[in-house]
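Some notes on the structure that comes next.
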Number of protein chains: 2
Amino acid sequence: MATLKYSRQRESIKEFLVGRTDHPTADFVYENMKQIYPNISLGTVYRNLSLLADLGEIQKLSSFGGADRFDARTTPHCHFMCTRCGRVMDVFSEHIDRSLEDIAADFKDGQISDYKARFFGICNDCLSKEDTH
Amino acid sequence: MATLKYSRQRESIKEFLVGRTDHPTADFVYENMKQIYPNISLGTVYRNLSLLADLGEIQKLSSFGGADRFDARTTPHCHFMCTRCGRVMDVFSEHIDRSLEDIAADFKDGQISDYKARFFGICNDCLSKEDTH
DNA sequence: CTTAGTGCAAAAGTTTTGCAGCGAT
DNA sequence: ATCGCTGCAAAACTTTTGCACTAAG
């Protein structure tokens, strides 16, 4: 087991993610980190995102089609992706948690320990733009 | 709109997927197609898988970590992935469909039209191997 | 001093695409 | 004859990794 050492890059990446409600990709995090650390490398961003995910401090969302996205919310929740603008939003619901537990209990071919649910559709912003036609 | 033309490659790819209950990657389909068409290209496999998915004849599963997987089942269902051996299995349940309507009704930031749920855990095969220790 | 973390660059893995020729209609 | 599909290869895109060096403990 490697002993964890402090790194200012990792702290900034975590802090950046906590301050956002969208769900940035690694490359987007990288572009923003360059404003603080002009020489930071994309590899460092990936390594830290991966490390933070392993520690359970952030969540890796694989995936909504393209690059993976990252989410600093630790409370269990689901995600909604707008198929028009690509935005990813949080979805909180007791319905899903209850029914997913029912499914886990019903499943006979293995032992379910985790689940992820994603929803697709059109977000309100895109719907209102559509109305103007 | 392009008019669809018959292609024996596409037909074989579809047929191959229909005959399987696992959820092969594009590369796995490619390797198997080479036994029928030794000169088939990976690009052709990707193009046909993408086309079949657009037609709704197959489903593209993005993703379970690595490469996308493909599924010829058209009836709505969810997926379970064994985190030990990587196998992906189908999950059928009425629970999920019932709760989807509830969630869609609750969600205020957009209009939900589709969902995908994935479950993670250990499959029975891997559990029984574990017992022998 | 020890070793985890970093920047850089190359590589690996997955998917898309430009193009010239082939094949279905 | 038209134009969608193919094989091939190159490119694009995302993520990982080897290495020498820096910095935290």
Side-chain angles (χ1 to χ4, degrees), chain A residues 1-17 22-55 57-71 81 86 88 118, chain B residues 1-17 22-55 57-71 81 86 88 118:
Chain A
M1 258 121 267
T3 317
L4 202 62
K5 280 184 184 171
Y6 172 84
S7 114
R8 67 194 82 191
Q9 288 91 335
R10 190 190 311 133
E11 184 172 56
S12 292
I13 288 169
K14 170 85 185 289
E15 188 183 351
F16 175 74
L17 276 180
D22 61 349
H23 301 70
T25 62
D27 194 66
F28 188 83
V29 174
Y30 169 60
E31 289 302 328
N32 279 269
M33 283 305 105
K34 279 204 287 197
Q35 295 170 15
I36 311 176
Y37 311 101
N39 293 326
I40 197 173
S41 80
L42 186 54
T44 293
V45 172
Y46 270 104
R47 273 186 288 236
N48 278 309
L49 288 171
S50 176
L51 179 52
L52 288 167
D54 288 346
L55 294 172
E57 297 189 25
I58 66 171
Q59 212 181 128
K60 178 178 172 180
L61 307 179
S62 312
S63 71
F64 292 91
D68 290 347
R69 291 159 174 276
F70 297 87
D71 186 353
M81 182 188 213
V88 174
R118 298 167 300 166
Chain B
M1 260 125 260
T3 316
L4 202 64
K5 280 184 183 169
Y6 171 84
S7 113
R8 69 195 79 193
Q9 288 90 337
R10 190 188 313 133
E11 183 172 57
S12 293
I13 289 169
K14 171 84 185 287
E15 188 183 350
F16 176 74
L17 276 180
D22 60 349
H23 301 71
T25 62
D27 194 67
F28 187 83
V29 174
Y30 170 60
E31 289 302 327
N32 280 267
M33 284 303 107
K34 278 204 286 198
Q35 295 170 14
I36 312 177
Y37 312 102
N39 293 326
I40 198 172
S41 80
L42 186 54
T44 294
V45 172
Y46 270 104
R47 273 185 289 236
N48 278 310
L49 288 171
S50 178
L51 179 50
L52 288 167
D54 288 346
L55 294 172
E57 298 188 25
I58 66 170
Q59 213 182 128
K60 179 178 170 180
L61 308 179
S62 311
S63 70
F64 291 91
D68 291 346
R69 291 158 175 274
F70 296 88
D71 185 353
M81 184 188 212
V88 174
R118 298 168 299 166

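In what follows, every chain begins at residue 1, and chains take the letters A, B, ... in the order their sequences are listed.
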Check the interface with nucleotides 17-20 of chain C: list each N/O to N/O pair with the protein under 3.5 Å, or write none.
unit_1, atom_1, unit_2, atom_2, d
dG18(C), O6, R47(B), NH1, 3.3

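The pair K34(A)-E31(A) meets the salt-bridge criterion, with a side-chain N (NZ, NE, NH1 or NH2) lying under 4.0 Å from an Asp/Glu carboxylate O.
D27(A) places its CG atom 15 Å from the C1' atom of dT16(D), with the value rounded to the nearest Å. Between the CG atom of L49(A) and the C1' atom of dT6(C) there is a distance of 15 Å, given to the nearest Å. What separates NZ of K34(B) from P of dC8(D) is a distance of 10 Å, to the nearest Å. Put simply, CZ on R10(B) is 16 Å from P on dG23(C), counting in whole angstrom units. Here the P atom of nucleotide dA9(C) and the CG atom of N39(A) are 11 Å apart, to the nearest Å. If you measure from atom CD of E31(B) to atom P of dT14(C), you get 12 Å, rounded to the nearest angstrom.
A donor-acceptor distance shorter than 3.5 angstrom exists from the side chain of R10(A) to the backbone of K5(A), with no hydrogens or angles considered. The main-chain N or O of R69(B) is never found under 3.5 Å from a side-chain atom of H23(B) such that the two would form a donor-acceptor pair. Side-chain atoms of Y37(A) do not come within 3.5 Å of backbone N or O of S12(A) as any donor-acceptor pair.
If you check dA23(D), dG7(D), dT6(C) against the side chain of S7(A), the one that comes closest is dT6(C). Comparing dT15(C), dT25(C), dG25(D) by their closest approach to the side chain of Y6(B) singles out dT25(C). The side chain of Q9(A) lies closest to dG7(C), out of dT16(D), dC5(D), dG7(C). Of the candidates dG25(D), dG5(C), dG7(D), dG5(C) carries the atom nearest the L51(A) side chain, counting heavy atoms from C-beta on.
For the pair F28(A)/F16(A), a side-chain contact is recorded, criterion being any heavy-atom separation below 4.5 Å from C-beta on.
Between R8(A) and dA24(D) there is a side-chain polar atom (N or O) within less than 4.0 angstrom of OP1 or OP2.
Each of V29(B), I58(B), I36(B) was evaluated against I13(B); a single residue qualifies, V29(B), per the side chain to side chain contact (heavy atoms under 4.5 Å, CB included) test.
Nearer the 5' end of DNA chain C, as judged by each residue's closest nucleotide, is the contact made by A67(B), out of L4(B) and A67(B).
Judged by distance alone, with hydrogens and angles left aside, K5(A) brings a side-chain donor or acceptor within reach of the base of dA24(D), the pair sitting under 3.5 Å.
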